[in-house]
Each structure stands twice: as structure tokens, then as C-alpha cells.
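Note that these values count all heavy atoms, side chains included, but never hydrogens, waters or copies made by symmetry. Chain letters run A, B, ... following the sequence lines, proteins first, then strands; residues in each count from 1.
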Number of protein chains: 2
Amino acid sequence: MKIMSGKPYHHGDLRRVLLTAAVQALTEAGPAKLSLRDLARRAGVSHAAPVHHFRDKAGLLTAVATEGFDLLADALVAAGERTGDLLEIGVAYVRFAVDHRAYFEVMFRPELYHPADPQLLQARQRAGDSLRSGLAMLPGATTGDMPRQAGLAAWSIAHGFATLWLGGALPEEVGYDLEAAARPVLRLLFETG
Amino acid sequence: MKIMSGKPYHHGDLRRVLLTAAVQALTEAGPAKLSLRDLARRAGVSHAAPVHHFRDKAGLLTAVATEGFDLLADALVAAGERTGDLLEIGVAYVRFAVDHRAYFEVMFRPELYHPADPQLLQARQRAGDSLRSGLAMLPGATTGDMPRQAGLAAWSIAHGFATLWLGGALPEEVGYDLEAAARPVLRLLFETG
DNA sequence: CTCGCAATCTAGTCACTGACAAGTTCCTTG
DNA sequence: CAAGGAACTTGTCAGTGACTAGATTGCGAG
């Protein structure tokens with residue numbers, strides 16, 4: 001505590017600061033151009049300080065991904081409770097990907113982090129559960145392989161639309177209003193499931 | 001020509017060799033760990049030789065992406081002509097993503113290459129056209145926004161499934177047979193469109 | 001109260017990378 | 001056969017991730 005005059009040797013909350021800076025940097029330039037040394041500079045510490053909080057670059061991105069999965073789980077649960085509509089959970093998924101691009105782009109690129117990290121696995125599990133729980137809202141989701149496949153289909157279409165949107169791959173005619181573009185597309189699957 | 005004894009100064013087909021090596025390296029380790037110098041070593045040339053054929057790293061990846069879009073267009077056209085079934089075009093899309101992972105992972109990450117490159121744009125356009133032409137197979141694809149949205153939905157679900165599969169994000173129960181896993185999921189959308 | 005010790009951070013270094021500059025070799029074209 | 005350009009090499013620079021050793025700090029045991 002007491003971060004007063006000059007630079008205290010102990011930063012106080014370096015881990016948090018580095019994570020925030022990482023998300024900021026990722027938003028600006030993407031994972032490829034992320035540099036630990038740059039983050040250290042932004043935080044005003046030496047270039048080797050981050051090592052203590054995250055072992056290496058992959059460790060840093062593991063923390064980013066973990067936080068991302070937690071945020072995603074929160075967002076999906078909130079959407080489910082707010083609307084009770086699977087379609088709106090899908091929209092929330094797409095919304096999350098675009099609003100939290102920095103997190104999203106790391107989360108689904110396991111070669112960037114340590115995919116076996118326990119905390120990460122737990123967060124990922126939680127996000128998956130909150131997605132699947134939305135499927136209970138589907139009518140007649142009772143037996144057989146149908147619900148599982150419907151879940152995969154729902155996840156796929158939301159994930160695919162979000163990824164294509166982020167990659168700038170969609171044609172211009174889709175416009176710039178994310179939800180207006182996504183909702184009718186998702187509805188094509190969700191209303192027939 | 002006449003690449004006979006020793007090392008000729010002019011390699012003969014360095015551009016092609018570098019591209020092949022790049023795809024190989026991408027398959028092994030992904031775009032993040034791709035190194036121009038490593039490719040040069042693999043090809044047995046100096047570390048600066050690649051610059052002459054591709055201006056910089058992004059230039060190399062532009063060429064990879066261009067080739068990828070061409071291959072994808074070929075695959076989609078072939079599937080359409082072979083089966084005349086939109087569902088099978090979707091399966092071919094997923095198949096391509098997994099079989100040509102190296103290409104696929106570059107193609108939809110425009111921050112890695114020069115997205116305004118004319119040849120790239122042309123190849124991308126061709127791939128998009130071959131996808132859209134498959135939509136003509138849909139019954140009643142005549143008026144309004146429906147066909148466009150159905151196209152986006154089809155693209156999204158195939159792209160999403162492929163991406164999730166590649167990222168290892170899908171639960172284990174999906175199994176290891178790609179088409180067996182993908183087909184029933186895609187069918188959920190394609191048969192109702 | 002104080003003292004040891006672990007957590008935190010700094011400083012220095014190494015191999016590697018992408019980009020650039022300048023020079024060398026080879027081939028083609030006039 | 002000369003000239004000029006394309007293909008390639010050598011040398012160099014700043015930036016990076018990882019590693020090591022050491023300095024500083026604050027906390028808890030006694």
C-alpha cells in the first residue's frame with residue numbers, strides 16, 4: 001500500500017496493471033505484436049518484472065484467456081436471465097466477441113497460452129456450462145443426440161459469425177450494426193431447432 | 001535452369017520452395033512462430049533472400065493466403081459439382097479448414113498480411129463467389145433478404161464449426177471423425193433453410 | 001522489536017528475429 | 001559484347017523472450 005512519493009520498489013498491483021495493459025495492447029495491435037517488454041514499459045517497471053507474475057509470454061496470455069472465459073460466462077448467464085431466450089444468448093456471444101475482441105482473440109487460440117492450466121480449464125468449463133444451460137430453454141430438448149448437436153450448431157453459428165465479423169471477412173452489405181446483422185442470421189437456426 | 005553441380009547462385013524456384021516451406025512450418029507450429037530466417041535456412045539460402053520474392057513477412061503470408069483462397073474455391077466448386085448439395089459444400093468447407101489448417105489459419109487473420117493486395121482480393125472474391133453459387137441450390141432462393149441471410153448463416157455455421165474444431169474447443173464427445181461430427185450439425189441449418 | 005527470508009523487482013546478457021543497406025553474381029536483352 | 005537488372009549474399013541494427021544474478025522490501029516468527 002501507501003504508494004506515495006517516487007517509485008516504491010513494490011509496485012503494489014503489478015499483476016493487475018500488466019493484465020490491463022495487455023488487454024489494451026491486444027486491442028490496439030493483436031496478439032502477434034504483443035510484447036512483454038512493452039507492457040513493462042507501460043507499467044513503468046523493468047523488462048523482467050512481468051516474469052514474476054506470469055512465468056512467460058504464454059503465462060500472461062493464459063491469464064488473459066482465463067479472465068476472458070470468466071467474462072464470457074458472466075455475459076451469457078446475464079443474457080439468459082435477462083431474456084430467457086436462447087437467441088439472445090447467441091447475440092450476447094457475438095456481442096462479447098466484438099466488444100471484448102482482445103480477450104476473444106486469445107481465448108480460442110490455445111497455441112498462444114498454456115492450455116492445461118487448471119484455472120483456465122475451470123473458467124472455460126464455466127463458460128461452456130453457461131452456454132449449454134441455455135439449451136435447456138429449447139422446446140423438446142429431452143432425448144437422443146439432438147440437443148447435443150443443436151448445442152454445437154448454436155455455438156458454431158454464433159462463433160462463426162463473430163469470427164467472420166472480426167476478421168472483416170463479411171461483405172459490406174451486412175452493414176455496421178452488429179446485432180441488426182447477427183440476429184436474423186442466428187434466428188435462422190435458433191427458431192427451427 | 002540447369003541446376004547441376006554445387007549451389008547455383010540463382011536458386012531456380014526459390015519462391016515456390018519458400019511458399020512450400022512456409023506451409024510446412026505453419027502446419028508444424030502456427031503463424032506466431034513462423035520465421036523468415038528459418039524458411040531461408042530450410043531452403044538453403046541466405047537470411048535475406050526471401051525479401052526479393054516477398055517484400056516482408058506480411059508479403060509472404062499474403063501469398064499463402066492467396067493460394068489458400070484459391071484452393072478453397074477449387075474445393076468448394078468441386079464439392080458442388082460432385083454432389084449438387086449445399087450441405088456437402090459446407091462439409092467441404094470444414095474439410096478444407098482441417099486438411100489445410102496452415103492456409104486456413106492465415107486466410108482469416110488479415111492483420112498478418114497485406115489485406116489490400118489485388119491478387120489476394122481476387123482470390124478471396126472467387127472463393128466467396130463459389131460459396132454463394134452453392135446457395136442457388138436452395139429451394140425458393142428467389143427474393144428478399146432471406147437468401148443473403150441464409151448464405152451468411154451457412155457460412156457462419158461451417159466456419160464456426162471448423163474454427164472450434166481447430167482450436168480444440170469442442171468437447172471430447174464429438175469424437176475424432178470430422179465429417180461424422182460436422183454433417184449432423186450442419187444439417188440442422190441446411191435442411192430447414 | 002528485530003531479524004531472517006521469501007516475494008518482488010532490477011540489471012545484464014544471450015540467441016534469435018525482421019528490416020534494411022550495400023555489395024556480388026548471374027542472365028538477358030539490346 | 002556491353003549494360004543493366006534480377007537474384008542472392010553479407011553485414012548490421014534495434015527489438016524481443018528467456019535466463020541469471022543480485023538488490024530491495026516488507027512480513028511474520030521468535
Side-chain angles (χ1 to χ4, degrees), chain A residues 1-22 24-26 28-65 106 109 111-114 117, chain B residues 1-22 24-26 28-65 106 109 111-114 117:
Chain A
M1 305 306 159
K2 60 169 171 141
I3 308 176
M4 304 278 290
S5 61
K7 290 184 181 179
Y9 201 90
H10 284 60
H11 185 285
D13 201 9
L14 184 55
R15 187 189 151 91
R16 185 69 256 157
V17 169
L18 287 173
L19 268 180
T20 307
Q24 174 69 23
L26 286 167
E28 292 169 4
K33 298 192 178 170
L34 185 71
S35 140
L36 288 181
R37 290 170 110 100
D38 177 49
L39 298 185
R41 275 191 295 270
R42 295 192 193 210
V45 295
S46 84
H47 67 265
V51 173
H52 240 276
H53 296 273
F54 318 94
R55 215 177 73 154
D56 49 16
K57 193 177 184 177
L60 191 250
L61 291 176
T62 305
V64 170
V106 174
R109 220 163 291 172
E111 77 274 12
L112 293 180
Y113 52 81
H114 299 134
D117 180 272
Chain B
M1 305 305 162
K2 61 168 169 144
I3 307 175
M4 303 280 288
S5 61
K7 289 186 181 178
Y9 201 89
H10 284 60
H11 185 286
D13 201 10
L14 185 53
R15 186 189 153 91
R16 185 69 255 159
V17 169
L18 287 173
L19 267 180
T20 307
Q24 174 70 23
L26 285 167
E28 292 168 5
K33 299 191 177 170
L34 185 71
S35 140
L36 286 181
R37 289 170 110 100
D38 177 50
L39 298 184
R41 275 191 294 270
R42 295 193 194 209
V45 294
S46 84
H47 67 263
V51 174
H52 240 276
H53 296 272
F54 318 94
R55 219 176 73 147
D56 49 17
K57 194 177 183 176
L60 192 248
L61 292 176
T62 304
V64 170
V106 174
R109 221 164 289 172
E111 76 274 13
L112 293 179
Y113 53 80
H114 299 135
D117 180 272

Enquirer: Find the distance between NZ (A/K57) and OG1 (A/T62) and round it off to the nearest 0.5 Å.
Expert: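 Those atoms lie 12.5 Å apart.
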Enquirer: Does any non-hydrogen side-chain atom of A/V64 lie less than 4.5 Å from one of A/Y113?
Expert: no
Enquirer: side-chain contact (heavy atoms from CB on, under 4.5 Å) between B/E111 and A/K33: does it pass, once the steps are laid out?
Expert: CA-CA 10 Å; B/E111 76 274 13; A/K33 298 192 178 170; over 6 Å; no
Enquirer: Any idea which of C/dA19, D/dA6, C/dA7 is nearest the B/H52 side chain?
Expert: D/dA6
Enquirer: Nearest-Å distance, CG (B/D13) to C1' (D/dA7)?
Expert: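 My rounded result for the distance is 13 Å.
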Enquirer: From C/dT10, D/dA7, D/dT9, pick the nucleotide closest to the side chain of A/A49?
Expert: C/dT10
Enquirer: Looking at DNA chain C, which of residues 33-41 of chain B put a heavy atom within less than 4.0 Å of it?
Expert: B/L34, B/S35, B/L36, B/R37, B/R41
Enquirer: A/S46 has a side chain; which of C/dT10, D/dG17, C/dA19 sits nearest to it?
Expert: C/dT10
Enquirer: Compare side-chain N and O positions of B/H53 against OP1 and OP2 of D/dA6 and report whether any pair is under 4.0 Å apart.
Expert: no
Enquirer: Tell me: NE2 of A/H114 to C1' of D/dG17, nearest whole Å?
Expert: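 It works out to 12 Å between those atoms.
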Enquirer: Closest approach of B/A40 and B/S46, non-hydrogen atoms and distance?
Expert: CB-O, 3.3 Å
Enquirer: Please state whether the base of D/dG11 and the side chain of B/H47 form at least one donor-acceptor pair under 3.5 Å?
Expert: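 Under the 3.5 Å cut-off, the side chain and the base do form a donor-acceptor pair.
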Enquirer: Apply salt bridge (Lys or Arg N to Asp or Glu O under 4.0 Å) to B/R42 and list each qualifying residue two or more places apart in sequence or on a separate chain.
Expert: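 B/E28, B/D38.
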Enquirer: How many Å lie between CZ on A/F54 and P on C/dC9, as a whole number?
Expert: 11 Å
Enquirer: Decide if atom CZ of B/R16 counts as having more than 12 heavy atoms of other residues, nucleotides or ligands within a radius under 6.0 Å.
Expert: yes
Enquirer: Specify the separation, in whole Å, of atom CG of B/L18 and atom P of C/dG18.
Expert: 12 Å
Enquirer: Rounding to a whole Å, what distance do you find between A/D56:CG and D/dC19:C1'?
Expert: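 Value for this atom pair: 12 Å.
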Enquirer: Measure the distance from CZ on A/R55 to C1' on C/dA7 and round it to the nearest whole Å.
Expert: 18 Å
Enquirer: What's the NZ-P distance between B/K57 and D/dG15, to the nearest Å?
Expert: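 Going from B/K57 (NZ) to D/dG15 (P), I get 17 Å.
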Enquirer: A/L60 CG to D/dT16 C1': how many Å, rounded?
Expert: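 For the pair A/L60 CG and D/dT16 C1', the rounded distance is 14 Å.
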Enquirer: Find out whether B/L39 and B/L34 are in side-chain contact, i.e. whether some heavy atom of one side chain is under 4.5 Å from a heavy atom of the other.
Expert: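 Side-chain contact under 4.5 Å: yes.
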